[in-house]
2 protein chains.
Amino acid sequence: MRATIKDIAKVLNLSPSTVSRALRDCSSVSKKTREKILHIAQSMDYQPNLTARGLVSGRTQNIGVILSIETRDYSSLQIFNSIVVNGIFEVADAANYNLTFAKESKKHQTGALQRIIDNRDADGVLIVNVVSEDILAKLTIKNIPVVLIDNHFDNLQSYAVNNNDRLGAYLGTKHLLSLGYESIGFIGISEHAFNRECEMGYFQALLESEIRTDPNFLAKGNGDLGSGYDAMIKLLKINRPPRGVFVVNDEMAIGSIKAIKDYGLSVPEDIAIVGMDGMPFMEYFDPPLTTVKIEVAELGRTALQMLLGLIEDNYSGNHQIAISPRLIIRKSCGYYINSTLTK
Amino acid sequence: MRATIKDIAKVLNLSPSTVSRALRDCSSVSKKTREKILHIAQSMDYQPNLTARGLVSGRTQNIGVILSIETRDYSSLQIFNSIVVNGIFEVADAANYNLTFAKESKKHQTGALQRIIDNRDADGVLIVNVVSEDILAKLTIKNIPVVLIDNHFDNLQSYAVNNNDRLGAYLGTKHLLSLGYESIGFIGISEHAFNRECEMGYFQALLESEIRTDPNFLAKGNGDLGSGYDAMIKLLKINRPPRGVFVVNDEMAIGSIKAIKDYGLSVPEDIAIVGMDGMPFMEYFDPPLTTVKIEVAELGRTALQMLLGLIEDNYSGNHQIAISPRLIIRKSCGYYINSTLTK
DNA sequence: CTGAAAGCGCTTACAG
DNA sequence: CTGAAAGCGCTTACAG
């Protein structure tokens with residue numbers, strides 16, 4: 001059987017209280033007895049029972065991570081989420097917290113989510129991606145601290161960590177402009193807050209170059225490859241299509257490159273493309289995709305640091321944090337063709 | 001404050017014991033009092049404190065999931081692992097278990113892993129991918145049930161769930177043969193047990209077609225794209241290169257396709273390629289990759305079911321289970337070119 | 001069918 | 001600096 005505090009106390013003829021104190025390094029224990037206790041504890045291979053500790057502290061040492069149940073295996077979102085979780089894990093582990101996953105959809109929610117809400121099976125919760133306002137409300141009522149990740153709520157009261165989408169679109173568009181292209185298109189996505197941010201970055205870049213925006217140069221998809229293809233076809237059918245296009249996610253960017261090729265044109269010679277996300281394998285496509293890489297793991301790390309502060313009741317930073325993405329130049333933007341000009 | 005069993009007992013003038021029994025549906029409580037208790041419990045929004053339950057049951061309701069610390073974000077392995085975890089989660093959630101992640105490398109192991117081993121912070125453990133034998137030994141000593149996932153140990157005593165790699169290589173090779181190609185190459189990986197299984201599947205398929213194996217047609221990489229490229233270059237330099245090549249993972253398959261293109265040849269017209277894995281985005285490459293898809297989530301599900309049986313001490317199935325992968329035909333194998341023959 | 005008591009392994013005021 | 005006692009919220013023999 002596993003040794004307990006009582007066992008150690010008995011061996012040394014001390015009280016459990018003293019042993020407990022010594023083990024946790026309380027200053028009120030004499031050096032001599034502390035050393036005796038530590039020594040015996042080690043020789044008996046004593047390790048505290050975390051559950052018992054949790055019962056008296058009222059803490060679970062769990063962080064709930066709520067994800068959308070609908071995420072398909074191998075999808076971009078799945079990949080995004082798993083990297084976010086990596087970042088979360090790093091911080092959680094250092095702070096001695098476990099992660100408790102939970103998933104949710106309109107119709108169904110996992111047992112884990114019920115345990116978090118009903119039984120308070122987490123000291124705090126991270127909500128990744130769009131999850132219903134309903135869940136957020138329930139957690140708030142139960143007084144469980146929450147931080148949103150990549151949730152483009154317009155709710156300024158929530159604590160949230162997002163990619164700086166506006167900056168991302170700005171960087172992507174600016175890069176195309178810096179390459180000398182004068183007509184730049186935009187393929188967005190039908191997701192309000194996110195798309196609005198991206199559009200603002202795009203417009204700002206154009207404005208700085210004093211280029212008027214052409215409403216025909218704006219197209220939208222739903223985020224997947226096929227919709228990026230369709231959106232690009234629309235742009236291609238315009239009288240004089242844009243010379244460069246910023247696409248708000250990599251998957252649609254790949255779709256739009258396919259559309260351009262199928263149209264008998266080439267990337268970047270005829271139309272240059274810049275995506276956003278940083279999905280895997282994108283450097284292996286033909287041409288390798290230039291993209292604005294989101295610091296996904298950093299989103300997770302930052303969010304959990306914030307949440308930990310909230311749990312300890314000593315967070316005093318901003319309610320909302322935006323993490324800067326960064327441009328990764330590959331070939332689809334034409335940088336290496338134009339490099340004589342720009343380098 | 002949250003209602004406790006005591007609170008309910010007080011309201012109804014009953015003992016906590018009876019309330020506890022009623023709440024857990026023990027048969028020994030009269031229908032009448034049970035109903036009263038359930039009613040009050042609901043009106044007081046009572047939910048059991050899981051920590052307290054855990055303390056008396058000696059269970060943590062945690063399943064430890066050990067992963068390699070070295071896995072890079074966005075790598076194939078990272079994607080593989082996250083899908084395995086999806087499968088594990090499904091089963092865990094249905095059985096009311098939480099997942100506790102832990103990571104490990106030769107030099108370093110996370111706090112979570114120490115908690116699992118030292119403090120028994122999990123009722124059972126799943127080890128995904130190659131993790132040191134040392135960890136396995138420690139868990140065994142502590143009497144913590146373990147199931148390995150995708151760990152190609154040669155240890156027949158361990159409980160393990162793996163992809164049926166031999167079958168995978170067999171299916172891939174057989175498919176190439178069925179397309180009429182008579183010389184088939186093999187690009188393997190320097191990982192003993194895994195590679196041996198793949199080779200056996202490859203040889204078996206050749207044998208059934210009475211094709212002699214040419215040792216020059218065997219090449220090896222380390223798993224990443226560049227190494228697949230190099231391995232293919234080796235095969236291309238042979239006097240008469242193989243007409244089709246089975247590559248043991250998708251990433252190297254993509255690398256080998258690139259090598260073929262750079263060599264001025266085309267896929268599948270000159271050399272046909274079949275990979276194995278089922279990584280995302282592979283259908284978008286040029287040409288879309290034919291591959292043997294591993295049922296990754298199923299590996300996770302099966303392993304946890306096995307582990308749950310072990311924890312409950314009622315598992316009586318095989319120690320080792322191999323999950324069958326399945327062929328996904330796309331364009332890199334030339335099926336659609338040869339379809340007049342084969343359809 | 002119900003209750004009183006002991007216990008799971010720890011922590012923490014309160015005394016001394 | 002140390003100990004006795006109470007308690008965290010539940011479960012479970014043992015009696016009746």
Side-chain angles (χ1 to χ4, degrees), chain A residues 1-41 44-62 96 115-116 118-123 142, chain B residues 1-41 44-62 96 115-116 118-123 142:
Chain A
M1 275 312 300
R2 240 171 100 173
T4 70
I5 256 178
K6 253 188 186 164
D7 299 328
I8 300 177
K10 211 169 287 172
V11 171
L12 291 171
N13 244 306
L14 285 167
S15 74
S17 331
T18 306
V19 175
S20 169
R21 289 188 192 103
L23 258 16
R24 279 167 306 133
D25 248 2
C26 289
S27 51
S28 74
V29 181
S30 81
K31 208 174 167 186
K32 228 170 126 186
T33 58
R34 185 210 314 289
E35 273 166 9
K36 272 197 299 189
I37 291 171
L38 259 29
H39 180 249
I40 292 291
M44 295 177 80
D45 196 25
Y46 171 81
Q47 294 293 151
N49 178 318
L50 269 20
T51 309
R53 270 197 184 160
L55 185 57
V56 1
S57 73
R59 287 280 177 83
T60 62
Q61 292 299 116
N62 279 157
N96 280 309
R115 263 173 278 142
I116 291 174
D118 295 339
N119 304 317
R120 239 191 174 294
D121 197 21
D123 300 331
K142 295 266 182 171
Chain B
M1 276 310 301
R2 239 171 102 172
T4 70
I5 257 179
K6 251 187 186 166
D7 299 328
I8 300 178
K10 211 169 288 171
V11 172
L12 292 170
N13 245 306
L14 287 167
S15 75
S17 330
T18 307
V19 175
S20 169
R21 289 188 191 105
L23 257 18
R24 280 168 305 133
D25 248 2
C26 288
S27 50
S28 76
V29 181
S30 81
K31 206 175 170 187
K32 228 170 127 187
T33 58
R34 185 210 314 289
E35 273 166 8
K36 271 198 297 188
I37 290 171
L38 258 31
H39 180 248
I40 292 291
M44 294 176 80
D45 196 25
Y46 171 80
Q47 293 293 151
N49 178 318
L50 268 19
T51 308
R53 269 196 186 161
L55 185 56
V56 0
S57 73
R59 287 280 177 83
T60 62
Q61 292 298 117
N62 279 156
N96 280 310
R115 264 173 277 142
I116 290 174
D118 296 339
N119 303 317
R120 238 192 174 293
D121 197 21
D123 300 331
K142 295 265 180 170

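Numbered from 1 within each chain, the chains take letters A, B, ... in sequence-line order. Computation of the quantities below employed the complete heavy-atom set of this structure, encompassing side-chain atoms and omitting hydrogens, waters and symmetry-equivalent molecules.
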Worksheet item: Looking only at side-chain N and O atoms, does B:S30 come under 4.0 Å of OP1 or OP2 in C:dT2?
Response: yes
Worksheet item: Whole Å only: how far is the CZ atom of A:R34 from the P atom of D:dC1?
Response: 9 Å
Discussion item. For A:R2 versus A:N49, what's the shortest heavy-atom pair and its separation?
Written reply: NH2-CA, 3.4 Å
Worksheet item: Using purine N1 to pyrimidine N3 plus N6-O4 or O6-N4 for Watson-Crick, or N1-O2 and O6-N3 for G-U wobble, both under 3.5 Å, which nucleotide pairs with C:dA13?
Response: none
Worksheet item: Once you round it to whole Å, what is the distance between P of C:dT11 and CZ of A:R59?
Response: 15 Å
Item to complete: Give a yes/no on whether any side-chain N or O of A:S17 is located under 4.0 angstrom from OP1 or OP2 of D:dA5.
Response: no
Worksheet, complete the sentence: DNA chain C nearest-nucleotide lookup for B:T33 and A:S57: closer to the 5′ end is B:T33
Discussion item. Less than 4.0 angstrom between a side-chain N/O of B:S15 and OP1 or OP2 of C:dG3, yes or no?
Written reply: yes
Worksheet item: Is it true that the side chains of B:T60 and B:D121 contain a donor and an acceptor less than 3.5 Å apart?
Response: no
Worksheet item: Can you name the closest pair of heavy atoms from B:A22 and B:I37 and give their distance?
Response: CB-CD1, 3.6 Å
Worksheet entry | B:L23 CG to D:dT11 C1', straight-line distance once rounded to whole Å | 12 Å
Worksheet, complete the sentence: In Watson-Crick or G-U wobble terms, with both distances under 3.5 Å, the base opposite D:dA4 is none
Worksheet, complete the sentence: Whole-Å distance, A:R21 CZ to D:dC1 P, equals 12 Å
Discussion item. In whole Å, I'd like the distance from the NZ atom of B:K10 to the P atom of C:dA4.
Written reply: 14 Å
Item to complete: Mind checking the CZ-CG spacing from B:R34 to B:L38? Nearest 0.5 Å is all I need.
Response: 7.5 Å
Worksheet item: With a 4.5 Å limit on heavy-atom distance, are the side chains of A:Y46 and A:D7 in contact?
Response: no
Worksheet item: Expressed in angstrom and rounded to an integer, what is the separation of B:N13 atom CG from C:dG3 atom P?
Response: 9 Å
Practice prompt. Start with the C-alpha distance between A:S20 and A:S17, add both sets of side-chain angles, then the distance that settles side-chain hydrogen bond (donor to acceptor under 3.5 Å, both in side chains), and finish with yes or no.
Written response: CA-CA 5 Å; A:S20 169; A:S17 331; over 6 Å; no
Short heteroatom pairs, N/O only, protein and nucleotides 7-10 of chain D, under 3.5 Å:
{"unit_1": "D:dC10", "atom_1": "OP1", "unit_2": "B:Y46", "atom_2": "OH", "d": "2.6"}
{"unit_1": "D:dC10", "atom_1": "OP1", "unit_2": "B:N49", "atom_2": "N", "d": "3.1"}
{"unit_1": "D:dC10", "atom_1": "OP2", "unit_2": "B:I5", "atom_2": "N", "d": "2.7"}

Response to the item:
Nearest heavy-atom contact between B:N96 and A:R115 is OD1-NE, 3.3 Å
